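For reference, the structure discussed in these notes is given below.
Just so we're clear, the structure is a prediction, and the values are computed from it rather than from any experiment.
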Amino acid sequence: MVMAGLLTLVANAPAFAADGNGGRDGVSTPAGSKAAAGSLIYDSFTGFNCSQSGFVTSAVAHLDISGPVTGAGTTTLDGVPYDAYVVDNLGSGPDTFPTSFFRTFTPPPPSSSTYVFVYTTIVTQNGAPLGQSITTIECADGAFSASNVWLGVPEPIPAGHPAAWAALALLLAGGGLARLARRRA
């Protein structure tokens, strides 16, 4: 099983982008974006293979942000920091394009072909963070699964805004109720 995974990784590696972090692998496709406004979402994970020595998969990126963006991120292997990367080939959105994710583990995880590998890409535009695209790759004894979620940067509440006053009132009321409950207990 491990040897078959290695052969597949080696055979498919040239077909994928050099970074393997969700950057642009090919030309834009005419398909419309499936993502929420202001996001970078990956879906349609296909052509996958995983083993103890690594994994490879193709995906479709949906960049739903107007203008040029870049990304930088970190990865974890089973919750432990693994490496850092830069995705400088995201281009300008909105756009939809093919991409890939892969890693070859050197050395492989100790005697296990079951692991979780997570890419956390911080997407920026003109130096300002817009959000995080988090891609999770799971390999369970050769069974592959992948998912992605976008976490946008929350909008700050302007000082003096009615929502700020309402949030403060709720916070104070919650603190008062907690204090009252402690006194009665």
### Query
Can the ring centres of Phe45 and Phe144 be said to be less than 6.0 Å apart?
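No; Phe144 has its ring centre 6.0 Å or more from that of Phe45.
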Looking only at non-hydrogen atoms, find the nearest pair between [X] and [Y] and report the distance.
X	Y	value
Leu63	Ser92	CD2-C, 4.0 Å
Pro129	Ile122	CB-CG2, 4.3 Å
Phe55	Cys50	CB-CB, 3.8 Å
Cys139	Ser51	SG-N, 3.9 Å
Asp64	Pro94	OD1-CB, 4.0 Å
Thr104	Tyr82	O-OH, 3.8 Å

State, yes or no, whether a side-chain contact exists between [X] and [Y] at a heavy-atom distance under 4.5 Å.
X	Y	answer
Ser133	Asn148	yes
Val123	Trp150	yes
Arg103	Leu77	no

### Query
ring pair (Phe, Tyr, Trp, His ring centres under 6.0 Å) between Phe117 and Phe105: does it pass, once the steps are laid out?
CA-CA 11 Å; Phe117 194 85; Phe105 302 130; 5.8 Å; yes
Reported [atom1]-to-[atom2] distance for the pair [X] and [Y], which is rounded to 0.5 angstrom:
X	Y	atom1	atom2	value
Asp43	Ser147	CG	OG	11.5 Å
Asp78	Thr114	CG	OG1	9.0 Å
Leu151	Ser39	CG	OG	11.0 Å

### Task
Check each of Thr57, Val60, Thr99, Ile134 against Tyr42 using the side-chain contact (heavy atoms from CB on, under 4.5 Å) test, and report the only one that passes.
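Answer after filtering Thr57, Val60, Thr99, Ile134: Thr99.
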### Query
Which residue, Leu130, Thr124, Val87, forms the side-chain contact (heavy atoms from CB on, under 4.5 Å) with Val69?
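For Val69, the side-chain contact (heavy atoms from CB on, under 4.5 Å) test succeeds with only one of Leu130, Thr124, Val87, which is Leu130.
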### Query
Is Phe101 linked to Val118 within one hydrophobic cluster, defined over Ile, Leu, Val, Met, Phe, Trp and Tyr using a side-chain heavy-atom separation of less than 4.5 Å?
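Not linked; separate clusters.
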#### Entry: Single-linkage hydrophobic cluster, 4.5 Å side-chain cutoff, Val153 and Val149 together
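In one cluster with Val153: Val149, no.
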Side chain of [X], backbone of [Y]: donor and acceptor closer than 3.5 Å?
X	Y	answer
Gln125	Pro68	yes
Thr75	Tyr119	no
Tyr115	Gly54	yes

